[in-house]
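Step one of this worksheet: look at the structure below.
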Protein chains: 2
Amino acid sequence: MPLNPVRRVSLAHDITDQLSRAIVAGDFPAGTLLSEPMLARRLGVSRAPVREALIELSTRGMVEFDDRGRSRVPSLGHDDLVDILGIRMAIEPLAAALAARRRDGAALAELERNLAATRVAASAAELAACDGAFHSGVVRASGSRRLGLCWKVVEHQVDLWLTQMQSRVESFCEKVRDTTAASHGILLEAIRSGDHRRADTLARDHLAEWQRILAPAA
Amino acid sequence: MPLNPVRRVSLAHDITDQLSRAIVAGDFPAGTLLSEPMLARRLGVSRAPVREALIELSTRGMVEFDDRGRSRVPSLGHDDLVDILGIRMAIEPLAAALAARRRDGAALAELERNLAATRVAASAAELAACDGAFHSGVVRASGSRRLGLCWKVVEHQVDLWLTQMQSRVESFCEKVRDTTAASHGILLEAIRSGDHRRADTLARDHLAEWQRILAPAA
DNA sequence: TCCACGGGTATTGTCGACAGTCGACGGGCG
DNA sequence: CGCCCGTCGACTGTCGACAATACCCGTGGA
């Protein structure tokens with residue numbers, strides 16, 4: 001049996017993930033002060049890894065430092081959604097096009113698995129998770145580390161916006177599951193076939209679709 | 001006389017800037033191990049702010065953490081330039097278009113001043129500094145904090161690439177000064193007049209110009 | 001009643017210290 | 001002669017501590 005190399009986990013990375021999830025989940029409402037001692041106490045660690053996590057999150061736009069070093073959960077409004085989707089429309093078509101040029105087998109297989117999971121997503125949360133993972137997967141399939149860094153800036157912003165708007169997608173989620181799966185499916189097909197022009201367009205259209213869906217909620 | 005609020009400078013931010021400049025300046029060749037104790041000793045501070053600076057720089061693609069937490073200066077090759085310019089062609093036209101929609105007076109004035117400085121730039125280094133500041137200024141003028149975060153990922157990458165390629169722009173710098181100033185000038189004019197369509201195109205063209213200039217050097 | 005003031009509290013930025021881990025190096029053994 | 005192992009040094013990840021600073025709140029005085 002092949003021994004897999006053990007992955008080294010640092011508290012800081014773990015905390016980054018946990019905080020990220022907690023913020024998106026709405027555990028910390030917009031404007032909440034995230035004091036380091038408070039988080040450290042709750043997490044049962046010292047301030048050092050918490051601090052590192054907050055710095056990391058600040059570069060992803062999930063927390064903001066004020067002029068005195070205190071970090072808070074940013075408060076997203078209507079124009080933030082426009083901003084976020086605008087940036088995603090700049091990043092994601094590029095990622096899709098690069099992925100189509102690259103055609104990395106492993107990445108494509110991962111997208112394939114994701115697509116399968118999307119098609120049978122049972123809950124709204126599950127669908128949202130699949131959708132997020134698909135878009136992240138496309139960026140990863142692009143093979144550009146730098147694009148991956150840019151992606152982190154917007155990766156969870158729409159989720160955060162939805163949480164803060166409290167307009168959970170629950171209501172219209174079932175009816176978008178099939179269209180989501182369909183869009184992802186044809187985009188993946190374009191990537192797999194290496195048609196970068198088409199991949200670019202499809203990614204753009206897919207985002208425009210989301211834009212239409214989310215616009216009324218704003 | 002209006003007393004300006006004193007800006008609190010943290011060692012970490014200061015170190016981030018210093019390291020960034022040092023890396024771009026080529027003080028640390030590609031692949032150099034940036035050990036925290038070494039940097040702390042040289043800077044006369046403890047490891048804590050150095051660590052924070054390295055984390056910040058890693059999100060900007062100026063240092064890379066390997067699987068064991070050691071940070072090194074990334075080694076940029078030919079395809080990195082393609083990657084970088086590709087991302088910039090996604091980000092900057094958007095920034096220019098947003099800036100044109102926004103037309104922020106202060107930001108425009110800053111760009112104006114920068115343009116004036118560009119026109120009289122005497123040395124290659126000075127021109128490079130002006131050019132960098134102009135592009136950063138456009139992103140700032142877009143008013144999007146998130147776009148600003150993305151921008152940081154590519155902000156100094158071309159400079160780093162040039163440093164590592166050792167093909168200093170010295171040679172053909174004088175002759176690009178005027179074309180740079182001209183390109184910036186018409187872009188700024190488009191932004192000021194609020195023509196976002198044109199601003200988008202001009203930003204793209206300006207980058208394509210750079211692409212043509214840098215391609216042979218690769 | 002309202003404002004100025006001062007102590008107490010909480011938080012940030014920075015520091016030094018320690019444990020765990022890894023690579024380099026040299027000595028002993030087959 | 002080559003391989004293995006133990007030791008040493010260096011570095012990272014994490015911790016607790018301290019000074020500086022800003023806020024909160026109760027108190028005293030006008």
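Numbered from 1 within each chain, the chains take letters A, B, ... in sequence-line order.
For the pair A:L33 CG and D:dC23 P, the computed distance is 12 Å after rounding to whole Å. Rounding to whole angstrom units, CD of residue A:E52 and P of D:dC15 are separated by 10 Å. The nearest whole Å value for the distance from the CZ atom in A:R70 to the C1' atom in D:dC24 is 13 Å. Rounding to whole angstrom units, CG of residue A:L11 and P of D:dT12 are separated by 17 Å. Between the P atom of C:dT21 and the CG atom of B:D67 lies a distance of 15 Å, rounded to the nearest Å. For the pair B:L34 CG and D:dT12 C1', the interatomic distance rounds to 14 Å; values are reported in whole Å. Atom P of nucleotide D:dT12 and atom NE2 of A:H13 are separated by 14 Å, given to the nearest angstrom.
Between A:H184 and A:H206, the ring-plane angle classifies as perpendicular under the 30° and 60° cut-offs.
Backbone-only contact: B:R68 has heavy atoms under 4.0 Å from sugar-phosphate atoms and none from a base.
The side chain to side chain donor-acceptor pair (under 3.5 Å) test with B:H135 is passed by exactly one of B:E155, B:R88, B:R140: B:R88.
Listed candidates were C:dC15, D:dC15, C:dT11. Nearest to the side chain of B:V45 is C:dC15. Closest contact between the side chain of B:P49 and the listed nucleotides C:dT11, D:dC15, C:dT14 involves C:dT14. Comparing atom distances between the A:S10 side chain and each of D:dT14, C:dT14, D:dT12 picks out D:dT14 as nearest. The listed nucleotides are D:dT14, C:dT11, D:dT12; the one nearest the side chain of A:P37 is C:dT11. Looking at the side chain of A:S46, the nearest of the listed nucleotides C:dT14, C:dT11, D:dG16 is D:dG16. For A:R8, the listed nucleotide lying nearest its side chain is C:dT21; candidates were C:dC15, C:dT21, D:dT14.
With contacts defined as side-chain heavy-atom distances shorter than 4.5 Å, the pair A:R60/A:T16 qualifies.
One N or O on the side chain of B:R177 and one on the backbone of B:A121 form a donor-acceptor pair closer than 3.5 Å.
Side chain A:R47 to base C:dG13: a donor-acceptor pair is found below 3.5 Å.
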